[in-house]
K.L.:
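Questions regarding the structure given below will be posed in turn.
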Amino acid sequence: MRWEEVSALVDDRVTDGWFSVHRRAFTDAAIFDLEMRHIFEGGWVFLGMASQVPNPHDYLTTTVGRVPIVVMRDGEGKLDAFVNACTHKGALICHKRTGSGRLHVCRYHSWSFDSAGQSVGVKGLRDGAYSDAFMQTDRNLSRLPAFADYRGFLFGSLVPTCPIEEHLGEARHLLDVAADQGEDGLELVPGEVVFTYDGNWKMQLENCADAYHFTSTHPSYLQLIEKRRREEKKNVVKSVWGENSAWSEMTEGITGGTYGFDQGHVLNWQVIPLSDTVPLAERAELLAERYGAARRDWMVNMRNMTIFPNLQVAENASSQLRIIRPLSAGKTEMRTFCIAPKGESDGARRMRIRNYEDFFNPTGMATPDDTVCYADCQDGHANALQPWILGYARGMESVQDGPDQFADVLGMKPDRSQPCGSQLCDETLFHSYYRAWLSRLKVGMERSA
Ligand code: FES
Ligand SMILES: [Fe+2]
């Protein structure tokens, strides 16, 4: 596929009031192949949390594109990432999601590796009549050329690339806001949920930042919140949503907004008042003392963040970390966890988990609503009579370049901002995704040309 064909799938003419993405970007197997090679296997992707591998010799397994990966902590406690494939013939070395082991013995021919990825044994080496050339060859696990730990968020790349700070850019402030909530950063609550949906991975990328769908896709959730509020029953899940703004003097009709960043990261956010239904309430004063009230209020606000291309941290009804794993143009795997500040009280943790179960997971009230809509869209993307998607237009006339007054609180300089009321439901933040999508494809295609 030629670059001209790929770049023609995004019609980016915002100065003419127009932005659209061609449906083929969601359905074409050749595009999917390019995405795997040049986006997922051609630059930084999220791997997991350092808190999943707290002790020497701990490991976690994941994938980067189509490549199996193991992140290991060696005996000295140093983290590193490797291709999870035996150098003999390629069998997986670690099979569990997370585990611990000083020594990993391949189950095929018993070659063994330590927790630093070093080859420490070849079965029957002395009797193997191996050549000098073989004896001198590197048999260690393949180390990823780029690996980084940013505030406990682990990233890796299968190709040499820019420093992680450059990839995260100004969106790193959003990871800081999340990480600063805990005395000692964040952790994943034990337990994970893995599910698939019948749709392209970019449906999930968009939906996390899609305020427009909320009232129409999730009426049963909203009705239940209303019912609980009316009945004021004890022992039911208390929703975090409320009507008053803790930032009333700054907001003047603004109830939230969006940001987009050059590297394809985005945020949509909404004011959430500080009340005792928010798990962070117990630390509110302490956080205000440490960071100032305005920055503390950012921690309380709803924040749906995407770090392109595969990490989402959604802090809304509760707090969820998601890893997006594309399986094909029309199938995606989601791996989701409840994420929480380390050291919060049992009461706050309980509140967080109850809200989590209420809203998220295939058994919760929101996730299934979303995934059936993704599948619907995937079917509808077959519509060659209307090839251009019209979902990138809301907010076109009010988006502004650079930061707004709320980003200033964090000292953050997004590429574009959209402070707005609850009815706008900006769609222009998706433009950042597709600009980064094109730019990563371009770099990769040029590199492999
Ligand atoms: S594939 Fe691992 S020892 Fe043969
Ligand atoms: Fe949703």
Side-chain angles (χ1 to χ4, degrees), residues 61 67-68 70 82-95 101 103-114 117-125 127-128 130 134 137-142 193 195 197 199 201-225 239-241 256 258 266-270 302-306 312-322 324 332 334 336 355-378 391 422 425-427 429-430:
T61 60
V67 182
V70 58
F82 305 89
V83 177
N84 182 16
C86 178
T87 45
H88 182 222
K89 293 182 113 172
L92 293 184
I93 291 297
C94 297
H95 292 82
L103 193 68
H104 301 284
V105 180
C106 179
R107 66 185 178 190
Y108 201 3
H109 312 89
S110 286
W111 282 24
S112 52
F113 304 88
D114 68 13
Q118 301 288 304
S119 165
V120 289
V122 169
K123 186 179 73 175
L125 184 70
D127 299 326
Y130 285 112
F134 174 86
T137 206
D138 180 357
R139 298 186 291 273
N140 300 330
L141 296 183
S142 309
V193 170
F195 60 93
Y197 66 82
W201 65 281
K202 297 188 288 300
M203 294 303 306
Q204 174 64 42
L205 206 63
E206 290 190 12
N207 190 70
C208 180
D210 182 335
Y212 195 34
H213 84 287
F214 190 72
T215 50
S216 41
T217 306
H218 304 298
S220 50
Y221 176 70
L222 291 168
Q223 282 159 14
L224 190 71
I225 287 181
S239 158
V240 299
W241 309 111
T258 71
V266 312
L267 179 84
N268 85 330
W269 67 277
Q270 183 185 320
M302 183 206 90
R303 299 183 314 285
N304 290 331
M305 165 176 58
T306 301
Q312 295 184 325
V313 180
E315 297 189 68
N316 44 52
S318 179
S319 46
Q320 184 174 55
L321 181 140
R322 308 173 181 144
I324 304 171
T332 305
M334 296 299 301
T336 60
N355 265 306
Y356 189 86
E357 297 159 337
D358 202 42
F359 191 66
F360 292 125
N361 287 343
T363 50
M365 275 185 286
T367 302
D369 297 338
D370 292 318
T371 53
V372 294
C373 287
Y374 306 163
D376 279 0
C377 292
Q378 195 69 18
S422 61
C425 301
D426 181 44
E427 292 177 329
L429 77 172
F430 304 142

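Heavy atoms only: backbone and side chains are in, while hydrogens, waters and symmetry mates are out. Counting starts at 1 for both ligands and their atoms, following the listed order.
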K.L.:
At less than 2.8 Å, would any N/O/S atom of Cys373, backbone or side chain, sit next to the Fe ion (ligand 2)?
P.N.:
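Checking the Fe ion (ligand 2) against Cys373, no N, O or S atom falls under 2.8 Å.
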K.L.:
If you check every N/O/S atom of His109, which is the one nearest atom 4 (Fe) of ligand 1?
P.N.:
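It is ND1 of His109.
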K.L.:
What does the angle at the Fe ion (ligand 2) come to, between atom NE2 of His213 and atom OD1 of Asp370, rounded to 10°?
P.N.:
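That angle works out to 90° after rounding to 10°.
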K.L.:
May I ask you to check if any N/O/S atom from Cys86 comes under 2.8 Å of atom 2 (Fe) of ligand 1?
P.N.:
yes
K.L.:
Asn316 and Asn304: side-chain donor and acceptor closer than 3.5 Å?
P.N.:
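Yes, Asn304 and Asn316 have a side-chain donor paired with an acceptor closer than 3.5 Å.
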K.L.:
Below 4.5 Å, heavy atoms only, C-beta onward: do Leu267 and Thr258 meet side chain to side chain?
P.N.:
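They are not in contact (no side-chain heavy atoms under 4.5 Å apart), so the answer is no.
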K.L.:
Would His88 and Arg139 count as having a side-chain donor-acceptor pair, cut-off 3.5 Å?
P.N.:
no
K.L.:
Looking only at N, O or S atoms in His88, which is nearest to atom 4 (Fe) of ligand 1?
P.N.:
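The atom in question is ND1.
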K.L.:
What atoms of ligand 1 come closer than 4.0 angstrom to any heavy atom of Tyr108?
P.N.:
1 (S), 4 (Fe)
K.L.:
Are His218 and Asp370 close enough that a side-chain donor and a side-chain acceptor fall under 3.5 Å?
P.N.:
yes
K.L.:
Using a cut-off of strictly less than 2.8 Å, determine whether Cys106 has an N/O/S atom near atom 4 (Fe) of ligand 1.
P.N.:
no
K.L.:
With a 3.5 Å cut-off and no angle check, do the side chains of Thr367 and Asn361 form a donor-acceptor pair?
P.N.:
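No, no side-chain donor-acceptor contact under 3.5 Å.
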K.L.:
Restricting to N, O or S atoms, which atom of His218 is closest to the Fe ion (ligand 2)?
P.N.:
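Result for His218 and the Fe ion (ligand 2): NE2.
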K.L.:
Donor-acceptor pair, distance only, cut-off 3.5 Å: does the side chain of Ser318 make one with the backbone of Asn355?
P.N.:
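Flag not set: sc Ser318 to bb Asn355 has no pair under 3.5 Å.
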K.L.:
Show me which atoms of ligand 1 lie under 4.0 Å from any heavy atom of Ser110.
P.N.:
3 (S)
K.L.:
Give the atom numbers and elements of ligand 1 that come within less than 4.0 Å of a heavy atom of Trp111.
P.N.:
3 (S)
K.L.:
Under 3.5 Å, is there a donor-acceptor pair between the Gln312 and Gln204 side chains?
P.N.:
yes
K.L.:
Going by the order shown, which atoms of ligand 1 are within less than 4.0 Å of some heavy atom of Lys89?
P.N.:
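Once the distances to Lys89 are compared, the set is 1 (S).
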K.L.:
Testing the 3.5 Å rule here: is there a donor-acceptor pair between the side chains of Glu427 and Tyr212?
P.N.:
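On atom types as modelled, these side chains do not qualify, holding no pair under 3.5 Å.
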